[in-house]
Amino acid sequence: MSTIPLDYETLRLIWWVLLGVLLIGFAIMGGRDLGVGALLPFAARTDEERRVLLNLVGPTWEGNQVWLILGGGAIFAAFPPLYAVSFSGFYLAMIVILLAFILRPVGFKFRGKIKDVRWRAAWDWALFIGGVVPSLILGVAVGNVLLGAPFHLDDTMRAFYTGNFFMLLMPFALLSGLVSLGMIVTQGAAVIAGRTTGPLAERARTYGTLAGILTIALFALGGLWVALGVDGYAITSAVDGNAAINPLAKAVALTRGGWLANYSHYPWMVAAPVLGFVGLIGAVLGLLARLRLPTLLASSLGIFGIVSTAGLSLFPFLLPSSTVPESSLTLWDASSSHLTLFIMLLVTCFFLPIILAYTAWVFRVMRGTVSTQSLEKNPNAY
């Protein structure tokens, strides 16, 4: 271990940050596609307008999914206990998300196969489901993490999940899902308004403005709920960031509004919710002022702030246990080994810049306005 230049605690912190970056990356990049899908039956009224939206995200949506795949891979490799508990305990929810994701590529490919109004309308609603369901359920999942998941570990570190799918649908979790859906719809509206013209762009601005205002209100309500109605978790025993993996070696206490404690211990963290509100307000104002790039940047900033707020509030918890708090998984006791984290960091330092550079190049090539006229010039358009 002495040959590794970074200590265990530092590597754990780095991978916690990298996991957050990957999840935020998916929320911003994948949110573009999910938001457009959620607005497809409403912002677009004609077949030509809906084809415009399909071709708006069609060339890039698969690449944007890479952020989610990398996030899942990072959980599997860097925090195996978290992967084991969450992917098995939330199995049914994961299957629902996966089925919704599958509707998107099928919808893209099959919608244009038959020139029939009912056929295409059915696939439009399938694409709508593929946009709304993941946005909503992923937010519900975050809400359940804040509430704590019903699981516990035995003496051999085996995890036992004692909940079910319907237990995930608690009021606060549903509120979190609506916040997630609202910010994703705002992001999709910013994309549509920025890269289309005419009535399609105007309708997107209307829906995006309403979604942005609603998200601001729900985000504020969620913060108030966390402060007054949700028990937060805190480690009450000594914390050793370099200790071996053992989630049961700590003591945990619950306090009402405890998730806000980090903002007292680390005042700089207040920047996260502030950025969430500032970004959403900026997106709403940008849509009203018909600004293109600033609106999308502001919406992305809002997503960054909202997702960061959840992660920073939970720190250092990864998945609290509502049934046996001492079984909660934290950054300090649910990671891979010191050597594993270091090797993964080296690989990430090599491949992540390549992914970022390629993504930037793709969006540069695909930039510009999409219209019915541009579709007529492209024989490969959806």
Side-chain angles (χ1 to χ4, degrees), residues 15-38 56-80 82-108 126-145 168 176-177 179-188 191 299-300 302-308 310-311 314 318-319 344 347-348 351-360 362-363 366:
W15 272 104
W16 178 77
V17 172
L18 285 175
L19 177 59
V21 169
L22 294 175
L23 295 179
I24 291 171
F26 171 70
I28 293 175
M29 304 304 294
R32 298 163 54 96
D33 315 321
L34 296 174
V36 172
L56 187 64
V57 299
T60 57
W61 77 267
E62 290 178 289
N64 292 336
Q65 296 297 109
V66 170
W67 292 98
L68 180 61
I69 296 170
L70 290 176
I75 294 174
F76 171 77
F79 304 104
L82 174 62
Y83 178 87
V85 175
S86 61
F87 278 66
S88 59
F90 300 151
Y91 181 77
L92 184 56
M94 297 286 184
I95 291 297
V96 173
I97 293 174
L98 179 61
L99 292 175
F101 276 140
I102 290 173
L103 288 175
R104 293 203 294 166
V106 178
F108 281 128
L127 289 167
F128 166 79
I129 293 172
V132 169
V133 170
S135 304
L136 181 65
I137 294 184
L138 289 172
V140 170
V142 173
N144 276 282
V145 171
L168 302 177
S176 299
V179 172
S180 173
L181 179 60
M183 71 181 189
I184 294 301
V185 170
T186 305
Q187 181 82 338
V191 173
S299 176
S300 300
I303 292 176
F304 173 85
I306 291 174
V307 179
S308 297
L314 285 164
L318 299 173
L319 185 62
M344 288 171 53
V347 174
T348 302
F351 282 105
L352 187 58
I354 296 176
I355 294 172
L356 292 173
Y358 177 74
T359 301
V362 167
F363 275 91
M366 298 296 175

Residues two or more places apart in sequence or in another chain: which of them pass ring-ring contact (aromatic ring centres under 6.0 Å, His included) with Phe304?
none
Considering all heavy atoms, the nearest Gly58-Trp61 contact:
O-CD1, 3.2 Å
Those residues at least two apart in sequence (or on a different chain) that pass side chain to side chain contact (heavy atoms under 4.5 Å, CB included) with Leu70 are Leu22, Val66, Ile355
Once you round to the nearest 0.5 Å, how far does CG of Leu18 lie from CG of Leu23?
11.0 Å
Hey, mind stepping through Trp15 and Phe79 against ring pair (Phe, Tyr, Trp, His ring centres under 6.0 Å) and telling me if it holds?
CA-CA 9 Å; Trp15 272 104; Phe79 304 104; 7.7 Å; no
Mind checking what makes side chain to side chain contact (heavy atoms under 4.5 Å, CB included) contact with Val145, not counting sequence neighbours?
Leu314, Leu319, Pro320
Minimal non-hydrogen separation, Trp16 against Gly311, with atom names
CZ2-O, 3.6 Å
Under the side-chain hydrogen bond (donor to acceptor under 3.5 Å, both in side chains) rule, what pairs show up with a residue in residues 127-138, not counting sequence neighbours?
none
Report the C-alpha separation of Thr359 and Met29 in whole Å, then their side-chain angles, then the decisive distance to 0.1 Å, and conclude whether the side-chain contact (heavy atoms from CB on, under 4.5 Å) test is met.
CA-CA 10 Å; Thr359 301; Met29 304 304 294; 4.1 Å; yes
Is any side-chain heavy atom of Phe108 closer than 4.5 Å to a side-chain heavy atom of Val57?
yes
With sequence neighbours excluded, residues passing side chain to side chain donor-acceptor pair (under 3.5 Å) with Asp33
Asn64
Atom CZ of Phe87 with >12 non-hydrogen neighbours under 6.0 angstrom
yes
For Phe363, the ring-ring contact (aromatic ring centres under 6.0 Å, His included) test, sequence neighbours excluded, returns none
Do Thr60 and Met366 have side chains that get closer than 4.5 Å, going by heavy atoms?
yes
What is the minimum heavy-atom distance between Ser176 and Gly143, and which atoms define it?
OG-CA, 3.4 Å
Pairs flagged by side-chain hydrogen bond (donor to acceptor under 3.5 Å, both in side chains) wherever residues 84-103 is involved - sequence neighbours left out:
none
Sequence-distant partners of Arg104, side chain to side chain donor-acceptor pair (under 3.5 Å), two or more places apart:
Gln65
According to ring-ring contact (aromatic ring centres under 6.0 Å, His included), who are the partners of Trp67, at least two apart in sequence or on a separate chain?
none
What residues form a side chain to side chain donor-acceptor pair (under 3.5 Å) with Ser300, not counting sequence neighbours?
Gln187
Interatomic distance, OG@Ser180 vs CG@Leu34, rounded to 0.5 Å, equals 8.5 Å
Heavy-atom check, side chain of Leu99 versus side chain of Leu103, under 4.5 Å:
no
side-chain contact (heavy atoms from CB on, under 4.5 Å) between Phe26 and Ile69, intermediate numbers included
CA-CA 9 Å; Phe26 171 70; Ile69 296 170; over 6 Å; no
Derivation and outcome, side-chain contact (heavy atoms from CB on, under 4.5 Å), residues Leu181 and Val185:
CA-CA 6 Å; Leu181 179 60; Val185 170; 4.0 Å; yes
Taking only residues two or more places apart in sequence, or in another chain, which ones meet Phe101 in a ring-ring contact (aromatic ring centres under 6.0 Å, His included)?
none
Sequence neighbours left out, what passes side chain to side chain contact (heavy atoms under 4.5 Å, CB included) with Phe128? Give chain and number order.
Pro41, Phe42, Trp125, Val132
Dump the intermediate steps for side-chain contact (heavy atoms from CB on, under 4.5 Å) on Leu138 and Val142, then the final yes or no.
CA-CA 6 Å; Leu138 289 172; Val142 173; 6.0 Å; no
Atom pair CD1/CD1 of Ile184 and Ile306 - distance to nearest 0.5 Å
9.0 Å
Looking at every non-hydrogen atom in both residues, tell me the closest pair between Ala93 and Leu168 and how far apart they are.
CB-CD1, 4.2 Å
Note: Leu19 and Ala74 closest approach over all heavy atoms is CD1-CB, 4.2 Å
